[in-house]
Amino acid sequence: MRYGSYTKQKIESLSFFSPGNNLSKTVDFKLQGPLADSFFDISHKIFQKYGLDNIESNEQFSTYRDEFASIRKAAKEFKAQLKDKFICSCCGEEQEINLPEEVAQFKFLIESRKLSREIGLLYIDDYILDYKERIANMLSKLTEHINAAEHPKCLILVEGESEEVFIPIIALRCGFNLYSHEVKVYNSKSKQKLESDFMSFKSKYPKLKMICMLDSDATRERDGLNRIIKNNREKYHLTYISKGCFEDLFNLEDSIHILNELYPEGELISIADFEKGKDFMANVKKILHLKKNAQFDKVKFARKMAFLIKATNIPKEIGEVLKAAEKFTAKKIFIAS
């Protein structure tokens, strides 16, 4: 199978991550840079970690001694070309810099396709770990600004940081970019403060659309907000979690999978560890202490869940919040919103 067709097929298999977007049409994977000249079986980070000497000393490459010698010779001859220019921050003058010979070694190593493939297979675990770290960093940067609308037309008021982290990411995966729709998730930090914030924003910004999300213990706040919302449904909406809190919304199998990924040390967590009748938070604190010797991090859990949960398993309460936000920010044809 040709590279382009194979890559497109793999990208389509990742569509579960972003069901609201057509990745095969929006992502371009043409061969560029070093990848165009080699199979690129070794990342530069791996080469930096081990170096040519350590790689060559491995007995697995004893039949490639002549190839390593050729790489060293070519790198030495290429050394004269390893020059670049930069502008000095002190004097402002252009300066010349000589790059280390290892740069050329890496160049010729990845051009040796058979050898680089063998090395890549040996250090595949390092490559996978490095790849995961780079993807995680890219996604972290991507999500930094998706909840940063400066003058939002719609606020989603939530009780805690978990919801504040989860909702923007899952919305993006569903094809609803909060930033571009001028929607912001606002963390009130408690059920009492959420009700207070709602009343304050309602008074200061009468045209502001608001969506509130409350846990099951916020019955008083729910009843108070409902009295206002019932005659103002064109701009206000309330989603109430009928049992437990935010973490209780998720399928238990999904939650256990996330917990075991977040806390790999210790014993594996299973469904049998959870006591029926207790909510998720009460269970997880005890389980993590006994089996992982760890404390539960709600925010890390929410972030990981937002990236890994299948579209079909997104809780209906979250779907309800996103649907309300989409409805409140939909562009009108004639009527001013």
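When reading the values below, keep in mind they use all heavy atoms of this one structure, side chains included, and skip hydrogens, waters and symmetry mates.
Between Phe201 and Tyr186, the ring planes are perpendicular. Angles over 60° get that label, and only those under 30° would be called parallel.
Clustering ILVMFWY residues whenever any of their side-chain heavy atoms sit less than 4.5 angstrom apart, transitively, puts Phe328 in a cluster other than the one holding Leu208. Cluster annotation: Phe301 is connected to Ile271 through the hydrophobic network of ILVMFWY side chains, with a link wherever side-chain heavy atoms come within less than 4.5 Å. Tyr205 and Val185 sit in two unconnected hydrophobic clusters of ILVMFWY residues. Membership requires side-chain heavy atoms under 4.5 Å apart, directly or through other members. Hydrophobic cluster membership is shared by Ile318 and Leu252, with clusters built from Ile, Leu, Val, Met, Phe, Trp and Tyr side chains linked at under 4.5 angstrom.
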(Q) Would Glu159 and Lys189 count as a salt bridge (Lys or Arg N to Asp or Glu O under 4.0 Å) here? Give the steps. (A) CA-CA 5 Å; Glu159 290 188 47; Lys189 300 182 180 179; over 6 Å; no
Q) Step by step, would you call Lys107 with Glu111 a salt bridge (Lys or Arg N to Asp or Glu O under 4.0 Å)? A) CA-CA 6 Å; Lys107 165 185 162 58; Glu111 287 178 359; 2.8 Å; yes
Q. Which is it for Lys191 and Asp217 under the salt bridge (Lys or Arg N to Asp or Glu O under 4.0 Å) test, yes or no, and what are the steps along the way?
A. CA-CA 9 Å; Lys191 58 186 178 182; Asp217 63 349; 3.7 Å; yes
Q.
Run the ring-ring contact (aromatic ring centres under 6.0 Å, His included) test on Phe250 and Phe166 for me, step by step, so that the C-alpha distance in whole Å, both residues' side-chain angles and the decisive distance to 0.1 Å come before the verdict.
A. CA-CA 12 Å; Phe250 302 104; Phe166 180 87; 5.2 Å; yes
Q: Begin from the C-alpha positions of Arg222 and Asp215 and carry the test salt bridge (Lys or Arg N to Asp or Glu O under 4.0 Å) through to its verdict.
A: CA-CA 9 Å; Arg222 175 200 64 188; Asp215 292 343; over 6 Å; no
Q. Stepwise, does the ring-ring contact (aromatic ring centres under 6.0 Å, His included) test hold for Phe280 with Phe246?
A. CA-CA 9 Å; Phe280 181 81; Phe246 173 73; over 10 Å; no
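Ion pairing between a basic and an acidic side chain is recognised when a charged N comes within 4.0 Å of a carboxylate O; Glu56 and Arg72 show such pairing. With respect to the salt-bridge test (charged N to carboxylate O, under 4.0 angstrom), the residues Asp248 and Lys243 do not qualify. A salt bridge is absent between Glu320 and Lys316; no separation between the charged side-chain nitrogens and carboxylate oxygens falls under 4.0 Å. Salt-bridge check for Lys278 with Glu275: passed, with a basic side-chain N closer than 4.0 Å to an acidic carboxylate O.
Contact check for Ser255 versus Glu247: no side-chain heavy atoms found under the 4.5 Å cut-off. Under the 4.5 Å side-chain criterion, counting only non-hydrogen atoms from C-beta, Ile128 is not in contact with Asp126. Contact of the Leu214 side chain with the Ile241 side chain is not registered, since no non-hydrogen atoms from C-beta on lie closer than 4.5 Å.
A cation-pi arrangement, defined by a distance under 6.0 Å to the six-membered ring centre and an angle within 45 degrees of its axis, is absent between Lys209 and Tyr236.
Note: Phe198 CZ to Leu238 CG = 9.0 Å, rounded to the nearest 0.5 Å.
Ring centers of Phe106 and His44: under 6.0 Å apart, within the cut-off. In this structure, Phe108 has its ring center closer than 6.0 angstrom to the ring center of Phe78.
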